[in-house]
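Report on the following structure.
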Amino acid sequence: MTTHAHAAEHTHPNYVKIWAILVLLLCVSVAGPMFGHKLVTLITAFGIAVVKAYLVAKNFMHINLEKRFIPYIVLTMLVFMLLFFAGVAPDVMKKEGRQWEKPSWKTSAAASAAPAHEGEHH
């Protein structure tokens, strides 16, 4: 009798439905930046990425069926990753600074993208 109750507890999600939701969210996250609004781009890029990561972790990785401490380990890793980014972002996201040198591939790409005659209007 316990095996029947145990089997009912571990029903598999509808993988095709979850896949379709993930594809729909992919389309929304690709289309979001096409509107040209910074807020819409940020919401579609990061907000939808969080939702997709949750769906994958819950339904395909079955993290909700693991022992209770596993989600806490995953959450702790995410917090450490955000702390690391917050710690290094002020330095690595600057365009210029003291003892800061742009990589050569960045400066050559910027020079080739700049118009040849900046003062002239066509």
Side-chain angles (χ1 to χ4, degrees):
M1 182 177 261
T2 58
T3 57
H4 186 282
H6 188 66
E9 184 179 316
H10 290 286
T11 59
H12 289 284
N14 186 348
Y15 292 115
V16 175
K17 179 181 174 185
I18 295 165
W19 174 80
I21 291 170
L22 289 171
V23 169
L24 178 71
L25 290 173
L26 171 68
C27 293
V28 171
S29 64
V30 168
M34 293 181 185
F35 289 107
H37 296 288
K38 192 179 270 190
L39 182 63
V40 173
T41 301
L42 289 174
I43 288 172
T44 57
F46 293 107
I48 292 177
V50 169
V51 172
K52 289 191 301 186
Y54 170 76
L55 286 173
V56 169
K58 180 180 177 279
N59 296 299
F60 293 108
M61 297 171 66
H62 306 289
I63 202 163
N64 57 336
L65 301 177
E66 291 292 334
K67 294 182 180 175
R68 186 164 201 98
F69 67 89
I70 298 296
Y72 293 126
I73 290 174
V74 171
L75 186 63
T76 303
M77 181 270 316
L78 287 172
V79 168
F80 282 145
M81 185 179 68
L82 290 172
L83 284 172
F84 176 75
F85 178 76
V88 299
D91 291 332
V92 299
M93 296 183 78
K94 288 182 181 179
K95 293 182 181 179
E96 57 189 36
R98 199 166 112 198
Q99 297 182 350
W100 178 254
E101 190 174 313
K102 279 190 180 181
S104 61
W105 60 270
K106 283 286 247 183
T107 54
S108 63
S112 65
H117 304 286
E118 291 183 8
E120 294 180 17
H121 296 290
H122 296 285

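Predicted model, so just to flag it, every value in this text is computed and none were measured.
Its side chain within the 4.5 Å cluster rule, Leu83 clusters with Val79, Phe80 among the Ile, Leu, Val, Met, Phe, Trp and Tyr residues.
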With a cut-off of 3.5 Å and sequence neighbours excluded, list every side-chain donor-acceptor pair involving residues 27-34.
unit_1: Ser29; atom_1: OG; unit_2: Leu25; atom_2: O; d: 3.2
unit_1: Ser29; atom_1: OG; unit_2: Leu26; atom_2: O; d: 2.9

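Crowding of Phe60 atom CZ: a count of heavy atoms from other residues, nucleotides or ligands under 6.0 Å exceeding 12.
Summarising the geometry, atom NZ belonging to Lys52 is positioned 10.5 Å from atom CG belonging to Leu24; distances are rounded to the nearest 0.5 Å. Expressed to the nearest 0.5 Å, how far CG of Asn59 lies from OH of Tyr54 amounts to 7.5 Å. Going from atom CD1 of Ile48 over to atom CG of Leu55 covers 11.5 Å, rounded to the nearest 0.5 Å.
The side chain to side chain donor-acceptor pair (under 3.5 Å) contacts involving residues 14-25 comprise His12-Tyr15, Tyr15-His62, where partners must be two or more places apart or lie in separate chains.
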